[in-house]
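Read through the structure below, which is laid out as structure tokens, and then see the notes.
Model, not experiment: these values are computed from the prediction. The residues of the chain are indexed from 1 along the displayed sequence.
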Amino acid sequence: MRNGSWIEFYLAERGIGDDLWLSYSTSLHWSLTQFTPASMEIFPRNVAERFFNVGIIVLALLVFSSFVSSITNAMNHIRNINATNTEQETRIRRYFRENSIHHDLASRVWHFVRNNRKVNVRRLRLAHVTSLEGLPIRLKDELLQAQHLPVMQRHPFFKLYLPTVGASMKKRCVQLAIQEADPLASGGSLEAIMVPGKVAKSTGLRNESYVVKKMVFCLFGSLEYNDPNGEVIDDDPGCIVSPGEWACEAALWLQEATLQGRLVAGSSGCDALLVDADAFRIIAKEDVETHHYVAKYAVLFTNLFTDAMQMSVGSDLGAVEEEAEEKPGSTNILFNDPEVLEPAARDAFTDSHKHGSIMLLGAIKGFSQRNSKMARSSTRSGRGSTSTAEPEESDAASLS
């Protein structure tokens, strides 16, 4: 105990200096009064205590001001968000009232708006981070590999293929075959996967089909497959491409893959990753260690894809309903069910290299003619639209 201290003046002289709980609570009370506009009967009793008290007051001024300002900013932000939502809801009510919208329709609209209200936050791209613009090309390539390759590895084939290729092949894929599409707003059509100015011949049963040359991976939001009339096929969950899922894989393995209808962004927009088919085939063919795996998977995928189209045409004609029931996953309209593709990927990578390109080339020749005839005549006339393909022997054999 120091002479002339607050302890001596306020506690000891009153005979309560030995009360530990009272001493502790009094000290705590004094500390809190320094950070808030409150008063207390305890005052400094010497120079050291006075300087200590001044230092605490200066620190409390800084801390308390920062704390209050952060709370104020948070409250203003919440108030602005609520004001925006309130204004939008007021406009919706006014629109319903002025246009005499029926109550049932208005209720459905309100249900959708309130269940799909999301903050408009988009993915941050490397190009948007200005502080990273000065990075060397090598580091940028590594960042893009770390960003894009894990997304592609959600696909059964790329999950097995990418770990087997070297760093130089991954670098070439990122530089030449992989790119991010421009962000799509809600309802925007993904035009980047289509060949500019090229439209496939009409089958006679459906509207014109669009030739696609790129495989699509959804990164953010969702993509919806609309039929030629611009409507989503609600009874098929495969028409919605969610983050981590893909579509238009047939573009990688077939000479000409076509899409009847379009892929459009969902209610929250969409960011998509694109794999250029021509560039990927060139890169894959140059890797002598793994190109036979790619060729084998191309054969297996095309067989599965052709069977799915055959089942679809047969079911539309009322022919092979029992076979379609045995393979429910293969009738996915975008053919992106991992449970269907995973066995083919495993078979492609467990097959011995001794079988080599000769057997693969023979297999490709065997089904090439059958597939091309099938693709020209197959559509899902009973379900809206689908993707068709016209494989050619020259292109498929180029992977061998």
Side-chain angles (χ1 to χ4, degrees), residues 2 5-7 9-11 16-17 19-97 106-107 109-135 143 146-147 180 183-186 218-222 242-244 265-271:
R2 296 178 54 191
S5 68
W6 72 272
I7 297 178
F9 184 82
Y10 291 103
L11 298 181
I16 56 177
D19 191 337
L20 179 62
W21 287 108
L22 179 60
S23 300
Y24 178 79
S25 60
T26 302
S27 301
L28 178 62
H29 187 186
W30 179 87
S31 300
L32 294 176
T33 59
Q34 309 310 301
F35 288 83
T36 58
S39 61
M40 190 183 182
E41 73 277 9
I42 302 296
F43 300 99
R45 304 302 300 179
N46 54 47
V47 176
E49 291 180 355
R50 183 71 62 181
F51 276 108
F52 178 78
N53 200 170
V54 171
I56 293 297
I57 291 175
V58 173
L59 177 63
L61 177 64
L62 299 176
V63 174
F64 184 72
S65 300
S66 176
F67 179 71
V68 172
S69 63
S70 62
I71 292 180
T72 302
N73 291 335
M75 294 300 296
N76 288 334
H77 180 65
I78 294 174
R79 191 175 293 111
N80 291 335
I81 293 177
N82 292 334
T84 302
N85 292 338
T86 301
E87 181 182 1
Q88 294 298 325
E89 291 182 357
T90 301
R91 288 177 176 270
I92 294 174
R93 292 190 181 93
R94 179 182 173 186
Y95 171 81
F96 288 162
R97 182 177 64 256
S107 297
V109 173
W110 276 119
H111 178 75
F112 177 84
V113 170
R114 288 169 176 167
N115 289 333
N116 293 273
R117 180 178 293 161
K118 298 181 180 179
V119 180
N120 188 21
V121 178
R122 303 308 298 254
R123 290 177 59 256
L124 191 62
R125 302 187 177 201
L126 180 59
H128 298 161
V129 186
T130 56
S131 58
L132 299 180
E133 290 180 353
L135 286 178
L143 283 177
Q147 177 183 350
E180 284 196 44
L184 295 176
S186 177
C218 181
L219 300 175
F220 170 84
S222 63
S242 302
S267 59
S268 58
C270 179
D271 286 351

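- With contacts defined as side-chain heavy-atom distances shorter than 4.5 Å, the pair Met40/Leu32 does not qualify.
- Checked by atom type and distance alone, the side chain of Thr33 pairs as donor or acceptor with a backbone atom of Trp30 at under 3.5 Å.
- Between the side chain of Ser186 and the backbone N or O of Ser268 there is no donor-acceptor pair closer than 3.5 Å.
- Using a 30° and 60° split on the angle between ring planes, Phe96 and Trp110 fall in the perpendicular class, above 60°.
- Asn82 places a side-chain N or O within donor-acceptor distance of the main-chain N or O of Ile78, the cut-off being under 3.5 Å.
- The structure places CD of Glu180 at 12.5 Å from CZ of Phe220, a figure rounded to the nearest 0.5 Å.
- For the pair Ile42 and Thr26, the tightest heavy-atom approach, listed with the atom from each and the gap, is CG1-CG2, 3.9 Å.
- Atom CZ of Phe67 sits about 10.0 Å away from atom OG1 of Thr72, to the nearest 0.5 Å.
- Just one of Asn53, Leu61, Val54 meets the side-chain contact (heavy atoms from CB on, under 4.5 Å) condition when paired with Ile57; it is Asn53.
- Across Leu219 and Pro243, no two heavy atoms sit closer than the pair O-CB, 3.9 Å.
- In this structure, Ala185 and Ala265 approach most closely via the heavy-atom pair O-CB, 3.2 Å.
- The structure places NE2 of His29 at 10.0 Å from CD of Gln34, a figure rounded to the nearest 0.5 Å.
- Evaluation of the side-chain contact (heavy atoms from CB on, under 4.5 Å) rule for Arg50 yields Pro44 as partners, not counting sequence neighbours.
- In this structure, Gln88 CD and Thr86 OG1 are separated by 10.0 Å, a value rounded to the nearest 0.5 Å.
- Without hydrogens or angle criteria, Ser66 side chain to Leu62 main chain gives no donor-acceptor distance under 3.5 Å.
- Nearest heavy atom pair, residue Cys270 against residue Cys218, reads SG-SG, 3.9 Å.
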